[in-house]
Participant: 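Quick one: the structure is below, and I'll ask about it shortly.
Being a predicted model, the structure only gives us computed values, none of them experimental. Here is how names work: the chains are called A, B, and so on, in the same order as the sequence lines, proteins then strands, and each is numbered from 1.
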Amino acid sequence: MTPTRVKVCMLGSFAVGKTSLVQRYVKSLFSERYQTTIGVQIDKKELVIDGRPLTIMLWDLYGEDEFQKLSASFLRGAHGAFFVADGTRAQSVDHALELAERFAPDLGDGPRILLVNKHDLAAQWEVRDETLARLRAKGWLVLCTSAKDGENVERAFELLARAMLERESD
Amino acid sequence: MSEPLEPDPSRERELSTDAAEFGNGRSDRQHDEASELERVRSILLGRERAELARLEKRVDELAPDADQVARVLPDAIRIESKRGDRLARSLAPTVEVAVQESVRRNPKALADAIFPIIGPAIRNSVEAMLAAMVDRLNRAVDHSLSPRSIGWRIEAWRTNRSFGEVVLLKSLVYRVEQVLLLRTDSGLLVKHVAHPAVAVADPDLVAGMLTAINDFVADSFAKGADQALEHVEYADKTLELVRGPRLTLAAHVRGQAPRELRLRLQALLEELHLKVAELEAERASDETLAAELEPALARALETQERENAKKQSGAMFVVLALAGAALVLLAVWGILTHARRAERFDLIANVLRAQPGYVVLAAERNGERMTFEGLRDPLAPSPEELAQLLDLDFSGATFTFEPYASLDRSLVAKRVLQALTPPPSVDAQLVGDRIVLSGQATHAWIELANSLAKALGAADQLDATRLVDLDLEALRQAIDELPYRAFVVSAASFDPKAPSADNVHGLAAALQRVDSLARAADRAIDVRVVAFMPETVGVLPALLAKTVSLESLLLTRVEFVDSADHRFVPPLVGVRHSEASDVHEFGAVARFRGKESW
């Protein structure tokens, strides 16, 4: 049965711009303080896919660092996930992939998209095209995004939404 | 695939027919040829033709036929509907268009069809609305007038809270303000219901955050054990969380929630679990799920008021209703009284303003008390006399009027009449704004009356035409009685002491009387003395000088008329003329100076 509400988690390293990436596109009720206090900020994104409304509840999880590890319980029941990396920090891509692997059991076979953010900072770009090509070859859906000009943000939501609906209706 | 060759009955029939028709002229021959051809065709292709006919029949059977479709359609729809909502979704656009078209073509048909549904629905809606309104009204009355509510208002002001909040706090034991049903794992909202008077935040986000907090608490304090938040308290509100394996129920409660509420929520969650499992087994959509669960969730929005508050409210309502009715009556009475007082005040003010001899300078009304200030002519009736005269009620009114003299004609006439003090022989009447005098009076009094009227500005209002002037009458009479008898006086021999001089004395006395009467009557008179004396004209002055003082008679002119030319100065009345040369006739004529004459 096609759901009308889905849960999507957004994970990534500290300061890759997860919150900035989506804040213009979602409805927020709670302040960013929640993310640093209880570890998650919940936003809502409403879409219309093929004429049918879909509400994405976006769990924007805090950026994991050496002091604070992500809790798997926030990922329970998620239908899909965005893994966010910073294009100017190649290491953040590795970390995103590491998170994806670590939380694979919690996320099940829900669709996931790798968003390589800060695409507007081309001069400082560290992530090589070959790396992205390699990831795509492995089956990752990779999108280069920009929180500054909104590049690919709406598209990312739509792609993930379609993938989730397709999986749910199977 | 080939079938065994068998005699074809149709072919045999054709053969026998051909034999029977054989030998019937040219047309028969042509016919024979055609039959022959057909027979050959039957021999050669008979089996294939039969096969073809069979296949045609089969094809006809397989092609959809309206009748056949109609026969299977109801069952097909029923079966497909059981499988899910695919058919409904497919039909939805068509049904929408059909309904639109139907409404466009003939709206009445659809209106008639849904009338039985619409009527009760509207009635239910109106009933619900009225019930809510009455409830609100009861509460408003209950909470707006009682001493208790005044105390609450003070508390609201003191604690800087809204009055509504304090009322709820005081009059409710608890009220479940909103209920969220969410999926335990994902925190996704299944259904949210809220009390109509409660402002709610986005329930999707609240549901998510509640789950996140729950996870956070579990991770932080329960170390991953399957424990969770059950009860959150803040201010006068609590959040009751009842967690099931698949669903979690969150009830936001204002006030003191009893333990039983939690048990009821638990029972409700169990019921919902069963229902959701059933619906999901039927692959119901999220919308269907939400719609199906709403009534059960709405039941959880319970409210419990304080018993005493409830009981009191009934009695209090009656008391307040009576008090309200009394207030309304009092207000009506007040309004009427006010109107009546205002009307009376206006009436008194208008009466005073219209009354001659009154000048109203200030008129004020304060409740029942009325004050009027100004000027009043003492000759005008007093306010009390006016009230009696006009049959009015002047109670409650205070009058402060300074005296003044009005120039109103009626009051001026009154004033003149009061000053006249007429003698008993005079009757003085006030007719409208005129003073009518009748009877008799001395000339001096009449003159006084005229002067008085003139001095008081009412000269044209004094009517003395019916008043007899006693002095004038006496004068007239005295003049009438003047002796017109001729007598002869010899100048030479005139002796005032002689008896013959009596005539002269008599005349003089009469003239003196006239003179004195004329003075009394304030009349100037001319005395004309006419003497006819042929011998001498110098006798008379001497005579008169000796007999009467003509100067005292206001003698203005003495004319001597020579008898020779018989010249008379008209009007000349009472002149006696004698032809005797030695006889001198003497007559005297007195006449009034002015227009009058006799």
Participant: What heavy-atom pair brings B:Phe216 and A:Phe74 nearest, and what distance separates the two atoms?
Facilitator: N-CE2, 4.2 Å

Participant: Does the side chain of A:Thr4 come under 3.5 Å of the side chain of B:Asp286 through a donor N or O and an acceptor N or O?
Facilitator: yes

Participant: Taking CZ in A:Arg24 as the centre, count heavy atoms belonging to other residues, nucleotides or ligands within less than 6.0 Å. Is the count above 12?
Facilitator: yes

Participant: Heavy-atom pairs under 4.5 Å with chain B: which of A:Gln41, A:His79, A:Lys44 has the most?
Facilitator: A:Lys44

Participant: Closest approach of A:Ile42 and B:Ala212, non-hydrogen atoms and distance?
Facilitator: CD1-CB, 3.9 Å

Participant: For a quick test of reading the model, state the closest non-hydrogen atom pair linking B:Ser186 to A:Gly77 and the distance between them.
Facilitator: CB-O, 3.3 Å

Participant: With rounding to the nearest 0.5 Å, note down the distance linking CG in B:Leu182 to CE in A:Met57.
Facilitator: 10.5 Å

Participant: When rounded to the nearest 0.5 angstrom, what distance separates OG1 in A:Thr55 from CG in B:Leu189?
Facilitator: 9.5 Å

Participant: Out of B:Asp204, B:Ile213, B:Asp202, B:Leu289, which one racks up the most heavy-atom pairs below 4.5 Å with chain A?
Facilitator: B:Asp204

Participant: What residue in B:Glu280, B:Arg183, B:Met209 has the most heavy-atom pairs under 4.5 Å with chain A?
Facilitator: B:Met209

Participant: Around atom CZ of B:Arg86, are there more than 12 heavy atoms of other residues, nucleotides or ligands at under 6.0 Å?
Facilitator: no

Participant: Would the number of heavy atoms belonging to other residues, nucleotides or ligands and lying under 6.0 Å from CG of B:Asp75 be above 12?
Facilitator: yes

Participant: Count the heavy atoms of every other residue, nucleotide or ligand shown that sit under 6.0 Å from CD of B:Glu271, and state whether that count exceeds 12.
Facilitator: yes

Participant: Tell me whether A:Glu101 at atom CD has more than 12 heavy atoms from other residues, nucleotides or ligands lying less than 6.0 Å away.
Facilitator: no

Participant: Which pair of heavy atoms, one from A:Arg5 and one from B:Val190, lies closest together, and at what distance?
Facilitator: NH1-O, 4.2 Å

Participant: Rounded to the nearest 0.5 Å, what separation is found between the CG atom of B:Asp185 and the CG atom of A:Asp106?
Facilitator: 12.0 Å

